[in-house]
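In what follows, every chain begins at residue 1, and chains take the letters A, B, ... in the order their sequences are listed.
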Amino acid sequence: MDEFHRESDISGDALDKMLAGGVSRRNFLKFCTGVAVAMGLPFGMGAKIAEAVMNPKRPPVIWLSAQECTGCTESLLRTNHPTVEKLILELVSLDYHETLNAGAGRQAEEALRKSMQENKGKYILVVDGSIPVKDGGIYCKIGGKTALSLLEEQGSQAAAVIAIGSCASWGGVPSADPNPTGATPVHEVFRSKGIKTPVVNIPGCPPNGYNFLSTVLYFLTFKKLPELDDQGRPKFAYGRIIHENCERRPHFDAGRFAMEFGDEGHRKGYCLYKLGCKGPETFNNCPTLLFNDVGSGAWPVGTGHPCFGCSEKGVGFTAPLHSPARPLYITPPSFFTEIYPGKEEVSSGTKALAAGVAGAAIGAAGAAIVAGLGKKGEDKKDKEE
Amino acid sequence: MAKRITVDPITRIEGHLRIDCEVDGGKVTHAWSSGQMWRGIEVILKGRDPRDAWLFTQRFCGV
């Protein structure tokens with residue numbers, strides 16, 4: 001990390017303010033660089049993030065809670081770098097949040113109105129919870145207004161919306177069959193109402209607080225949203241399936257599975273695929289980011305429980321927990337390099353590469369292609385001889 | 001003449017709580033508390049694999 005710090009630099013003014021606030025330069029840049037790395041940005045971007053964070057004009061944030069359980073807020077409260085109090089007191093101006101507001105009732109609603117008027121078109125709207133649309137939206141009301149009308153009003157005037165959690169991202173728990181209240185995610189409400197405000201989805205139940213924080217900091221630094229996938233999720237966090245980075249993946253590849261809870265395989269930490277783990281069809285960074293800053297193993301699979309795909313639409317709260325996952329990518333066959341490589345034109349490295357690519361794409365057929373490659377090489381060798 | 005006071009939302013708690021109370025001559029004569037949000041988790045649970053129940057019931061409240 002030290003090399004990164006020497007490369008990073010921020011202006012003298014910003015540095016003075018930071019030191020006056022009792023934060024060491026080292027810790028501050030460490031945090032900014034960490035965020036840059038977590039988002040897959042070049043190290044130098046840490047300094048840019050630092051500049052944005054030091055900006056005295058803190059961006060206003062309004063937090064709308066709809067059909068939610070506050071688990072997303074709780075998860076965010078567990079983040080340590082930065083802590084949520086640093087986020088809401090120093091980095092952003094959190095003007096309205098039902099659970100964290102000091103004032104209640106009319107006072108809270110006044111703070112909301114004031115911020116919306118003063119920051120029209122500039123504030124970030126964070127939504128947690130799904131929006132019930134059935135029966136005119138009566139299943140969730142705040143201050144006598146439906147969550148549906150509040151989202152319409154607040155969403156149309158926001159610079160951007162961050163839908164935190166599975167409920168706001170794709171419906172989550174309340175939208176589970178038979179969806180009694182017509183629970184609808186933010187982006188679908190926007191589509192039906194013709195609201196064009198950009199939405200970024202941070203699904204998870206709860207999502208990792210750092211995926212949310214990183215998105216906020218990216219927005220503060222670059223004044224735009226990070227690169228998103230086809231479901232509106234930041235690619236830096238949801239670019240890969242859990243199975244790809246799982247610490248138990250070697251057990252899967254070797255065919256070592258826990259067959260039931262508490263059996264020998266389970267005690268030895270074998271793969272949980274046969275207990276219904278949905279890691280092979282769930283896009284998230286849980287195995288690499290972990291939870292709560294308490295070290296290795298602090299994520300569902302690490303504790304010995306199969307992933308149930310909480311962040312993935314059509315998997316979490318939809319597919320039964322103990323049913324097998326539908327792996328998205330066929331696992332390529334394992335390859336061993338040859339101990340004494342031959343002289344054939346097609347090197348073993350090329351064969352392995354072809355096997356990986358073809359195997360991942362078309363599974364069993366890939367092995368056939370590789371077998372063909374091997375044969376061709378051997379044929380040539382034969383001719384040469 | 002009774003005066004009606006409504007506090008909605010009640011903040012610093014989880015969920016959407018509303019309190020209505022009637023005050024008459026400096027005394028609270030009636031009070032009502034009401035949850036302002038319903039998801040129907042009981043309805044969602046019907047017909048599911050019992051081993052999945054905790055996934056839903058655990059999410060009544062995330063605090």
Inset, instruction - Could you look at A:Pro320 and say if it's the side chain, the backbone, both or neither that has a heavy atom under 4.5 Å from chain B? - result: both
Chain B and chain A: which donor-acceptor pairs fall below 3.5 Å?
residue	atom	partner	partner atom	Å
B:Asp8	OD1	A:Gly143	N	3.2
B:Asp8	OD2	A:Gly143	N	3.0
B:Asp8	OD2	A:Gly144	N	3.3
B:Pro9	O	A:Gly105	N	2.8
B:Thr11	OG1	A:Asn101	O	3.4
B:Thr11	OG1	A:Gly103	O	2.8
B:Arg12	N	A:Glu98	O	3.0
B:Arg12	N	A:Thr99	O	3.3
B:Arg12	NE	A:Asn101	O	3.2
B:Arg12	NE	A:Ala102	O	3.2
B:Arg12	NH2	A:Ala102	O	2.5
B:Glu14	OE2	A:Thr70	OG1	3.2
B:His16	ND1	A:Glu98	OE1	3.4
B:His16	ND1	A:Glu98	OE2	3.1
B:His16	NE2	A:Ser65	O	3.4
B:His16	NE2	A:Ala66	O	2.7
B:Gln36	O	A:Lys141	N	2.9
B:Trp38	N	A:Tyr139	O	2.9
B:Trp38	O	A:Gln67	NE2	3.0
B:Arg48	NH2	A:Asp177	O	2.9
B:Asp52	OD1	A:Leu321	N	3.1
B:Asp52	OD2	A:Leu321	N	3.3
B:Arg59	NH2	A:Cys205	O	2.9
B:Gly62	N	A:Cys69	O	2.7

Inset, instruction - Under 4.5 Å, counting heavy-atom pairs only, tell me which of B:Ile44, B:Val7, B:Val43 racks up the most with chain A. - result: B:Ile44
Inset, instruction - Examine whether an atom of A:Cys72 lies under 4.5 Å from a heavy atom of chain B, and if so say whether it belongs to the side chain, the backbone or both; otherwise answer neither. - result: neither
Inset, instruction - Please state whether the side chain, the backbone, both or neither of A:Ala183 comes within less than 4.5 Å of a heavy atom of chain B. - result: neither
Legend entry - Which atom of A:Pro180 lies closest to which atom of B:Gly40, heavy atoms considered: CG-O, 3.7 Å
Legend entry - Residues in side chain to side chain contact (heavy atoms under 4.5 Å, CB included) contact with B:Ala31, at least two apart in sequence or another chain: B:Cys21, B:Val28
Legend entry - Closest-packed option against chain B by number of heavy-atom pairs under 4.5 Å, given A:Gly143, A:Pro178, A:Pro174: A:Gly143
Inset, instruction - Could you tell me which portion of A:Ala66 (side chain, backbone, both or neither) has an atom closer than 4.5 angstrom to a non-hydrogen atom of chain B? - result: backbone
Legend entry - Gap separating the CG atom of B:Leu55 from the CZ atom of A:Phe317, nearest 0.5 angstrom: 6.5 Å
Legend entry - B:Ile41 versus chain A, the contacting section by heavy-atom distance below 4.5 Å: side chain
